[in-house]
Trainee: 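Submitted below is the structure of interest, expressed as structure tokens.
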Amino acid sequence: MTRARTGDRKPAPMSEEKPAQATSSIEDQIRLREGKAAQLRERSLDPYPAGVHVTTTTGHVREVHASDDAKALEAEATGPYAIAGRVMAIRTMGKATFLSLRDRDGDLQAFVKKDKVGEPAYETLKLLDLGDIAWVKGRAMRTRTGELSIEAGEGGFQLVTKALRPLPEKWHGLSDVETRYRQRYVDLAANPEVRETFRRRTKLITGMRRFLDEREFIEVETPILHTPEQAGGAAARTFQTHHNALDISLKLRIATELHLKRLVVGGLDRVYEIGRIFRNEGIDRTHCPEFTSIEFYQAYATYQDLMKLTEEMISRLCLEVTGSSEAPYQGTVIDYRAPWPRISMLGEVARLYGIEGSSDKEKLDQLGKLTRNDFGARTSDKEALFKLGKAESLGEQIAWAFETFSEPMLPRDRPSFVVDFPIEISPLARKRDGEPRLVDRFEAFAGGFEIANAFTELNDPRDQEARFRAQVEAAKRGNEEAMPYDRDFVRALEHGMPPTAGEGIGIDRLVMLFTDSPGIRDVVLFPLLRPEAEGT
RNA sequence: GAGCCGCUAGCUCAGCUGGCAGAGCACCGGCCUUUUAAGCCGAGGGUCCUGGGUUCGACUCCCAGGCGGCUCACCA
């Protein structure tokens, strides 16, 4: 690692005259940096060495010496610490240079003095550019201004990776959204808060696993490639693909639901899967064609049990990930502590239309008497009316009315559960005992969007058949999101699925909430974009 | 898919009513052994997203297209 430092005490002569022309177009800058790599090679220094010996991180050094002042550090024989990281700043004072090195833990200053580090190493320092990766070994010290630094010892500086492209500007970082998404490596290198976002994402997923594992759930993996019959479990259009050897057309899954319930039939009473879901639909602030969901199923539980579990899990995750049970989201602090308010979809819609009936049955009966025009009377907004007009059943009418009028009114500073869903929009949920026009289902909302969807599962195979038939009918009428009739799933239910409750949570959306990210693309490392135009 | 907005140096951005393309940082040369958005002196760097049109003259105005953002639609 310290090769070729002692061989030649005199700095190697510059390979050629200075560049004839000072330049700075990107091509020029790359050429110049390549030239510096060549100069390193001329001094028998590899610009891309392997086996660099790093003994610690910037974070560790900061931690160990957090409370040591300059005097204490001078008295103590600290280290030596060998750290490496991307060079974020170079401040040269002539025969002494300050570097800001950034590794996975953060930034730390390195202080390289010519008389300490030795002439050869100091000469290679002159070939260092912002964005290169450098290695420094030495003791910990504090500068006059009190900044903790590593002071490079004899031979304690090495350039370990030459970067050919310059980093974005140090002060503003990289802010062009398109470049941030397309070249996430630059975004991550330049903008520390982006790393924090993705660190939190990982923490969240780890925390979910721990939470469910503690409750004796087991994690499984089910197929992503679905036959056309299997590609159900949600209302969504699919991606098409094809398997060559079998010569069959396949679809990418739109949910993990139906396979997971097959596993419950098989006796895996508590099961979950975290994985990618693909839905061939538009892209906006909260939708992405590939996203990550967790679905879990618990036998002998009901949707009521899952509401409790959800409150508990998400409030705990918020604490684990953000350090508090309350987290700001786009200007509003959301308090995740249980219990979350329950809001009745049926009740809210009934209230909207002046129906104060006491029972669900009464509300449904009264709402059933309303005409399409009655439903539309609440708004003159053309688009809202169009939506309301599309409803083909009372249940859809209620759902659209809720979405249009009530959803925007959900609490902003708290997550909430919406309950009392109509059966028509819930083809996999169990009918409610006593009111078969409703199902035992909830959706959780926070920050203005849905984060979870759960229900007591339908386990009556004959009822499931009927629901599938209704979906097939809907598909015939042109509903492209209707799910296919999955015969094998019905066969599985015929073997008997214990009474079960299941839930799906959008992990990306939770990450948005816990990182205060405005859009789903900010929490996905490489979001799908149109292909880049030629030339970059 | 629709509406609105944006695209100028590697990055972040100015550029007026059409008249030679600008700044800061970065880069290049020089000075500097405790700086930290280091500093000082000097130099260079442009497919103004693309293609048409109007005009004596277009970064600027018009048309078409590309990519992105936001809103809406689609979407649980």
Side-chain angles (χ1 to χ4, degrees), chain A residues 17-33 35-36 70 88-100 107 109-117 122 129-131 141-147 149 151 164-182 186 190 234-237 254-255 277 279-289 291 293 381-384 386-387 390 399-400 402-403 407 418 421 425-426 441 443-445 449-454 480-481 504 506 509 518-519 521 527 529-536:
Chain A
E17 324 295 294
K18 336 177 154 148
Q21 281 264 306
T23 54
S24 70
S25 71
I26 185 62
E27 294 80 12
D28 293 333
Q29 291 191 49
I30 289 172
R31 215 174 298 126
L32 226 123
R33 285 168 176 242
K36 289 178 182 176
M88 302 308 291
I90 304 175
R91 293 179 289 275
T92 303
M93 318 292 306
K95 297 187 181 65
T97 298
F98 294 93
L99 306 175
S100 295
D107 294 7
Q109 180 167 273
F111 185 29
V112 187
K113 282 196 290 190
K114 189 173 180 179
D115 56 4
K116 273 270 170 68
V117 80
Y122 204 78
D129 287 300
L130 285 181
M141 50 98 59
R142 276 189 196 276
T143 62
R144 271 176 206 163
T145 51
E147 175 145 350
S149 311
E151 183 180 21
L164 299 182
R165 289 179 182 271
L167 235 37
E169 199 216 358
K170 59 187 162 194
W171 193 242
H172 300 91
L174 178 68
S175 61
D176 180 74
V177 179
E178 184 174 354
T179 311
R180 289 187 47 224
Y181 295 158
R182 286 196 200 279
V186 179
R237 287 155 73 189
I254 55 170
I277 301 295
R279 296 188 182 172
N280 205 340
E281 277 141 12
I283 297 176
D284 66 21
R285 214 168 60 77
T286 56
H287 293 85
C288 208
F291 63 97
S293 81
D381 184 80
K382 261 205 312 226
E383 276 150 5
F386 174 75
K387 251 190 194 179
K390 274 193 324 191
W400 286 123
F402 183 83
E403 187 171 320
E407 225 178 84
V418 174
F421 278 70
I425 58 161
S426 313
R441 172 180 180 185
E443 283 185 357
F445 283 81
F449 44 85
E450 181 200 338
I451 54 171
N453 179 20
E480 288 186 88
E481 285 97 34
R509 290 183 179 179
R521 286 201 241 32
L529 297 178
R530 279 201 162 80
E532 198 167 3
E534 295 290 309
T536 327

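So you know, we letter chains A, B, ... as the sequences are listed, proteins then strands, and number each from 1. Worth saying up front: this structure is predicted, and the values here are computed from it rather than measured.
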Trainee: When both hydrogen-bonding distances must be under 3.5 Å and the geometry is Watson-Crick or G-U wobble, what is B:rG22 paired with, if anything?
Mentor: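 B:rG22 is paired, partner B:rC13.
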Trainee: Identify all pairs in which a protein N or O lies below 3.5 Å from an N or O of nucleotides 7-11 of chain B, and state each distance.
Mentor:
from   : atom 1 : to     : atom 2 : distance (Å)
B:rG10 : OP1    : A:I26  : N      : 3.3
B:rC11 : O2'    : A:E169 : N      : 3.2
B:rC11 : O2'    : A:G173 : O      : 3.1

Trainee: Suppose you measure atom C1' in B:rU60 against the same atom in B:rG19; what distance do you get, rounded to whole Å?
Mentor: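 Pairwise C1' distance, B:rU60 against B:rG19, rounds to 11 Å.
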Trainee: Taking only residues two or more places apart in sequence or in another chain, which ones pass side chain to side chain donor-acceptor pair (under 3.5 Å) with A:R180?
Mentor: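 Expected list: A:D187.
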Trainee: When the P atoms of B:rA21 and B:rC59 are compared, how many Å lie between them, rounded to an integer?
Mentor: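 B:rC59 and B:rA21 have their P atoms separated by 8 Å.
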Trainee: Once you round it to whole Å, what is the distance between P of B:rC32 and CD1 of A:I90?
Mentor: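 From A:I90 CD1 to B:rC32 P: 18 Å.
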Trainee: Say you pick atom C1' in B:rG69 and the same atom in B:rG51; how far apart are they, in whole Å?
Mentor: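 Roughly 24 Å separates the two C1' atoms.
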Trainee: Can you check side chain to side chain donor-acceptor pair (under 3.5 Å) on A:S149 and A:E147, steps first, answer last?
Mentor: CA-CA 6 Å; A:S149 311; A:E147 175 145 350; 5.4 Å; no
Trainee: For a quick check, tell me whether the side chain of A:Q109 and the base of B:rU35 share a donor-acceptor pair closer than 3.5 Å.
Mentor: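 Flag set: donor-acceptor pair detected.
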Trainee: When you get a sec, tell me which of B:rG68, B:rC74, B:rG69 is the closest nucleotide to the side chain of A:R530?
Mentor: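 Nearest to the side-chain atoms of A:R530, counting from C-beta on, is B:rG68.
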Trainee: Using the P atom as the reference point in each nucleotide, state the distance between B:rG15 and B:rG68 in Å, no decimals.
Mentor: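 Going atom to atom, P in each nucleotide, I get 26 Å.
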Trainee: Would you mind telling me which of B:rA26, B:rC75, B:rU35 lies closest to the side-chain atoms of A:L130?
Mentor: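 Of B:rA26, B:rC75, B:rU35, B:rA26 is nearest to the side chain of A:L130.
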Trainee: Between A:W171 and A:E481, name the one whose nearest nucleotide on RNA chain B is closer to the 5' end.
Mentor: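 On the 5' side of the pair lies A:W171.
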Trainee: Would you indicate what A:E281 reaches in the nucleic acid, counting non-hydrogen atoms under 4.0 angstrom: base, sugar-phosphate, or nothing?
Mentor: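 Sugar-phosphate contact only - A:E281 comes under 4.0 Å of backbone atoms but never of a base.
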Trainee: In whole angstrom, give me the gap between the P atoms of B:rC62 and B:rC72.
Mentor: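 Roughly 28 Å separates the two P atoms.
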Trainee: A:Y181 near the nucleic acid: base, sugar-phosphate alone, or nothing, with a heavy-atom cut-off under 4.0 Å?
Mentor: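 It contacts sugar-phosphate atoms only.
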Trainee: Round to the nearest Å and state the distance from A:M88 atom CE to B:rA26 atom C1'.
Mentor: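 One finds 12 Å between C1' of B:rA26 and CE of A:M88, rounded.
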Trainee: Reckon A:I425 touches a base, only the sugar-phosphate, or nothing at all at heavy-atom distances under 4.0 Å?
Mentor: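 Here A:I425 touches the bases of the nucleic acid.
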Trainee: Nearest of B:rU33, B:rU34, B:rA38 to any side-chain atom of A:K170?
Mentor: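 When the side chain of A:K170 is considered, B:rA38 is the closest of B:rU33, B:rU34, B:rA38.
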Trainee: Determine the interatomic distance between P on B:rC11 and the same-named atom on B:rA73; round to the nearest Å.
Mentor: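 Rounded to whole Å, the distance is 35 Å.
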Trainee: Within this structure, what is the CE-to-P distance between A:M141 and B:rU35, rounded to whole angstrom?
Mentor: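 In whole Å, B:rU35 P lies 11 Å from A:M141 CE.
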Trainee: Identify which nucleotide among B:rA26, B:rU35, B:rU33 has an atom closest to any side-chain atom of A:K95, counting heavy atoms from C-beta outward.
Mentor: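 Out of B:rA26, B:rU35, B:rU33, the nucleotide with an atom closest to A:K95's side chain is B:rU33.
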Trainee: Could you tell me whether A:A236 contacts a base, only the sugar-phosphate backbone, or nothing, with contacts defined as non-hydrogen atoms closer than 4.0 Å?
Mentor: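 Sugar-phosphate, backbone atoms only, no base.
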Trainee: Going by the rule ring pair (Phe, Tyr, Trp, His ring centres under 6.0 Å), which residues pair with A:F291 if we only count those two or more places apart in sequence or in a different chain?
Mentor: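 Once residues adjacent in sequence are excluded, A:F291 has no partner under the ring pair (Phe, Tyr, Trp, His ring centres under 6.0 Å) criterion.
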Trainee: Under 4.0 Å, counting only non-hydrogen atoms across every strand here, what does A:T97 touch: a base, just sugar-phosphate, or nothing?
Mentor: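 Nothing, no nucleic acid heavy atom in range.
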Trainee: Quick check on B:rG68: is either OP1 or OP2 less than 4.0 Å from any side-chain nitrogen or oxygen of A:R180?
Mentor: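 The answer is no; no side-chain N or O of A:R180 sits under 4.0 Å from OP1 or OP2.
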Trainee: Judged by atom type as modelled, is there a donor-acceptor pair below 3.5 Å linking the side chain of A:R441 to the main-chain atoms of A:N453?
Mentor: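 No, because the side chain of A:R441 does not come within donor-acceptor range (under 3.5 Å) of the backbone of A:N453.
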Trainee: By nearest atom, which of the nucleotides B:rU33, B:rC28, B:rU35 is closest to the A:F98 side chain?
Mentor: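 From the listed options, B:rU35 comes nearest.
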Trainee: Nearest of B:rC32, B:rU34, B:rG68 to any side-chain atom of A:R182?
Mentor: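 The nucleotide sitting nearest to the side chain is B:rG68.
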Trainee: Under 4.0 Å from OP1 or OP2 of B:rA38: is there any side-chain N or O of A:R91 that close?
Mentor: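 So the side-chain polar atoms of A:R91 do come within 4.0 Å of the phosphate oxygens OP1 or OP2 of B:rA38, strictly under.
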Trainee: Expressed in whole Å, how much space separates the C1' atoms belonging to B:rA23 and B:rC27?
Mentor: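 These two C1' atoms come out 16 Å apart once rounded.
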Trainee: Counting only side-chain heavy atoms from C-beta out, which of B:rU33, B:rC75, B:rG69 sits nearest to A:E403?
Mentor: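 Closest nucleotide among those given: B:rC75.
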Trainee: Would you please confirm or rule out a distance under 4.0 Å between OP1 or OP2 of B:rC28 and any side-chain N or O of A:K36?
Mentor: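 True: A:K36 side-chain N/O within range (under 4.0 Å) of B:rC28 OP1/OP2.
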Trainee: On the side chain of A:D284, is there an atom forming a donor-acceptor pair with the base of B:rC74 - under 3.5 Å, no angle test?
Mentor: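 Side chain to base: pair found, below 3.5 Å.
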Trainee: If we call it a pair only when both distances are under 3.5 Å in a Watson-Crick or G-U wobble match, what pairs with B:rC61?
Mentor: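 B:rC61 is paired with B:rG53.
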Trainee: Write down the distance separating the C1' atoms in B:rA9 and B:rC48, rounded off to the nearest Å.
Mentor: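 Each nucleotide's C1' atom is 10 Å from the other's.
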Trainee: Between A:W400 (CH2) and B:rA73 (C1'), how many Å, whole number?
Mentor: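 Atom CH2 in A:W400 sits about 11 Å away from atom C1' in B:rA73.
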